[in-house]
Amino acid sequence: MMTIRLSRRRDVTLSSLLQSRVAPAEIIAYLSQVASMGLGSILICGEVGTGKTTLVRALCGAIPEEESIL
């Protein structure tokens, strides 16, 4: 079995999530700090089509390039 995921959005940033009002600014700022400073693990879960992949892609933009992602 092979699954191919095609992204609907090419450029997802935290600021674009704020403009879309996906979540309150305080939550996006908190998640951004956790991701950029490596303060801990983040578990993203939810129903199908709720934007989990979009949120993760935006958060990955906050991680410094010299950091590893596992």
Side-chain angles (χ1 to χ4, degrees):
M1 174 184 260
M2 180 170 65
T3 302
I4 299 173
R5 292 189 64 131
L6 299 174
S7 179
R8 292 180 212 141
R9 298 180 72 178
R10 291 186 181 171
D11 56 338
V12 179
T13 63
L14 291 172
S15 60
S16 68
L17 294 181
L18 282 172
Q19 290 174 352
S20 301
R21 297 183 182 183
V22 171
E26 296 83 8
I27 292 175
I28 291 186
Y30 172 77
L31 291 173
S32 174
Q33 285 181 339
V34 171
S36 66
M37 299 174 82
L39 297 175
S41 299
I42 301 172
L43 174 65
I44 307 294
C45 59
E47 295 291 324
V48 173
T50 57
K52 298 176 299 292
T53 303
T54 302
L55 177 59
V56 169
R57 289 183 66 213
L59 286 173
C60 285
I63 299 172
E65 289 186 24
E66 64 272 3
E67 292 291 326
S68 297
I69 301 172
L70 178 63

Hey, what do you get for [atom1] ([X]) to [atom2] ([Y]), rounding to the nearest 0.5 Å?
X   : Y   : atom1 : atom2 : value
L59 : S32 : CG    : OG    : 7.0 Å
I27 : L18 : CD1   : CG    : 11.0 Å
S16 : R57 : OG    : CZ    : 9.5 Å
L55 : I28 : CG    : CD1   : 7.5 Å

(message) Just checking E66: does its CD atom have more than 12 heavy atoms from other residues, nucleotides or ligands closer to it than 6.0 angstrom?
(response) yes
(message) Out of the candidates T54, T53, T50, V56, only one should pair with I44 under the side-chain contact (heavy atoms from CB on, under 4.5 Å) rule; please name it.
(response) V56
(request) Could you pull out the closest heavy-atom pair between S36 and A62, with the gap in Å? (result) CB-O, 3.1 Å
(message) Ignoring hydrogens, what is the shortest heavy-atom contact between E47 and K52? Give both atom names and the distance.
(response) O-NZ, 2.8 Å
(request) Answer whether the closest heavy-atom distance between the side chains of T13 and L17 falls below 4.5 Å. (result) no
